[in-house]
Amino acid sequence: MVTSTPGSGGTSVSGAFCTGGNWVVTCVLPPVRKDRIIGQLPKCFNKGAALNTEDEFKSKVKTACQQQRTGTVGFKISKVIVVGDLAVGKTCLINRFCKDVFDKNYKATIGVDFEMERFEVLGVPFSLQLWDTAGQERFKCIASTYYRGAQAVIIVFDLTDVASLEHTRQWLEDAMKENDPTSVLLFLVGTKKDLSSPAQYTLIEQDAIKLADQMKAEYWAVSALSGENVREFFFRVASLTFETNVLAELEKSGSRRIGEVVRKYIKDHPKMKVC
Ligand SMILES: Nc1nc2c(ncn2[C@@H]2O[C@H](COP(=O)(O)OP(=O)(O)OP(=O)(O)O)[C@@H](O)[C@H]2O)c(=O)[nH]1
Ligand SMILES: [Mg+2]
């Protein structure tokens, strides 16, 4: 029996056997936690800086899920990277959501770390791999080698530190060097809301919303200490990433069907020429 557990929520490989010369590895995944079940599209935080302002999942996505036409989405693990200046609260944000803990002592992330989170969205299993990266300059080059292949990028700043908001442009640029900007979902997240006075918060929020709009990112303000908006935020990330995956899957199966029709037509009409 083999057991591998990357991070705390890792996959348990319960066994492997050989059949007809092929090795088959069986994975036993624990059931999705009851508090990770998403039946409705979670609301955005601020309609002025949102990736979408719909109240519900797109109807073709809902229909595909009902009819179990979501292809490989249920078996995929979507990569999400979390970037931002040192000590803005990236690790605490992830730990609050994944483990429901908060550590007031700062321990710098060295390189990267990751957590797996399993959801069930509209009845379909869906997994996110949350990559926590180091903000410290000396670890940045190790961390940046893990940026590639992200489906969502979470850029974090500290709501009590304007400089950390200004630096988010650079974090975005670095993350996008390794990813396709047209297909990545972006989130701009202000942390430590509990530490920011209402006046300070209003001021920085205006700048953050403007920046999020320019970056085409969705803006959120959270507190890992109190837990405010943390669950709502990650549910939103999971839901929008899931929706994007289902839409891509539907498009793929649609073009496959068109391809089949064209191939059949050419076969039935041998005089047809393909240019
Ligand atoms: N009051 C308050 N403190 C926070 C919050 N989030 C993080 N902190 C504190 O901020 C410090 C840095 O938090 P981390 O999560 O380690 O920061 P990080 O962004 O992961 O830092 P690097 O790993 O170096 O990039 C710690 O002392 C945390 O306790 C929050 O929401 N409220
Ligand atoms: Mg960290």
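In each ligand, atom 1 is the first atom listed, and ligand 1 is the first ligand listed.
Protein heavy atom nearest atom 29 (O) of ligand 1, with residue, atom name and distance: D103 O, 2.7 Å. Among protein heavy atoms, the minimum distance from atom 31 (O) of ligand 1 is reached at A224 N, 2.8 Å. For atom 20 (O) of ligand 1, the closest non-hydrogen atom of the protein is T91 OG1, 2.8 Å. Of the protein's non-hydrogen atoms, C92 N, 2.9 Å is the one closest to atom 15 (O) of ligand 1. Here the protein heavy atom with the shortest distance to atom 14 (P) of ligand 1 is G89 CA, 3.7 Å. Considering only non-hydrogen protein atoms, atom 19 (O) of ligand 1 sits nearest to K90 NZ, 2.8 Å. Protein heavy atom nearest atom 21 (O) of ligand 1, with residue, atom name and distance: A87 N, 2.9 Å. Of the protein's non-hydrogen atoms, the one nearest atom 27 (O) of ligand 1 is K104 O, 2.9 Å.
Using a 4.0 Å cut-off between heavy atoms, L93 makes no contact with ligand 1 at all. With a 4.0 Å cut-off on non-hydrogen atoms, T191 does not touch ligand 1 at all.
Defined by atom type and a distance below 3.5 Å, a donor-acceptor pair is present between the side-chain atoms of E218 and W220. Counting only N and O atoms by type, the side chains of T72 and E249 include a donor and acceptor under 3.5 Å apart. Between the side chains of N179 and Q151, no donor N or O sits under 3.5 Å from an acceptor N or O. Donor-acceptor pairing under 3.5 Å is recorded for the side chains of T91 and D132.
Taking only nitrogen or oxygen atoms, main chain and side chain alike, Q136 does not reach within less than 3.5 Å of ligand 1. For the pair L195 and ligand 1, the shortest N or O to N or O distance does not fall below 3.5 Å. When only interatomic distances are considered, the shortest N/O to N/O separation between G84 and ligand 1 does not fall below 3.5 Å.
Taking a cut-off of under 4.0 Å to the non-hydrogen atoms of S223, the atoms of ligand 1 that pass are 31 (O). Shown in contact with T109 at under 4.0 Å from a heavy atom are these atoms of ligand 1, numbered in order with element: 22 (P), 23 (O), 24 (O). Each of the following atoms of ligand 1 lies closer than 4.0 Å to a heavy atom of G135: 22 (P), 25 (O). Near L225, meaning under 4.0 Å from one of its heavy atoms, ligand 1 places the atoms 1 (N), 30 (C), 31 (O), 32 (N). Close contacts of ligand 1 with N105, meaning ligand atoms under 4.0 Å from a residue heavy atom, involve 27 (O). The distance from ligand 1 to the heavy atoms of A108 drops below 4.0 Å at these ligand atoms: 23 (O), 24 (O).
T109 contributes no side-chain N or O that, together with a main-chain N or O of V112, makes up a donor-acceptor pair within less than 3.5 Å. Side-chain atoms of S127 do not come within 3.5 Å of backbone N or O of R118 as any donor-acceptor pair.
For Q68, the CD atom is loosely surrounded, since the number of other residues' heavy atoms within 6.0 Å does not exceed 12.
Residues R169 and Q214 have side chains in contact (heavy-atom distance under 4.5 Å, counting atoms from C-beta outward).
Ligand 1 lies less than 4.0 angstrom from a heavy atom belonging to F102. Using a non-hydrogen distance threshold of 4.0 Å, V88 registers as a contact of ligand 1.
Between atom 9 (C) of ligand 1 and the options K140, K107, K192, the minimum heavy-atom separation is to K192. Of the listed residues (Y106, F157, F139), the one carrying the non-hydrogen atom nearest atom 16 (O) of ligand 1 is Y106. Between the choices D194, T160, L159, N95, the shortest heavy-atom distance to atom 2 (C) of ligand 1 belongs to D194.
Judged as a side chain to side chain contact (heavy atoms under 4.5 Å, CB included), and not counting sequence neighbours, K216 has no contacts.
A cation-pi arrangement is found for R231 relative to F235, the charged atom lying closer than 6.0 Å to the ring centre and inside a 45° cone about the ring normal. In this structure, K90 fails the cation-pi test against W131, since its NZ or CZ atom is not both closer than 6.0 Å to the six-membered ring centre and inside 45 degrees of the ring normal. Annotation: cation-pi pair R96/F233 absent, no NZ/CZ under 6.0 Å from the ring centroid and within 45° of its normal.
Salt bridge K210/D213: absent, no basic N to carboxylate O contact under 4.0 Å.
Closest approach of C98 to L130, counting heavy atoms only: SG-CD1, 3.8 Å.
At a threshold of 2.8 Å, the Mg ion (ligand 2) has no backbone or side-chain N, O or S atom of T133 nearer than that distance.
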* To do: Please assess D85 against D158 for the test side-chain contact (heavy atoms from CB on, under 4.5 Å), listing each intermediate value before the final yes or no.
  => CA-CA 9 Å; D85 276 5; D158 178 341; over 6 Å; no
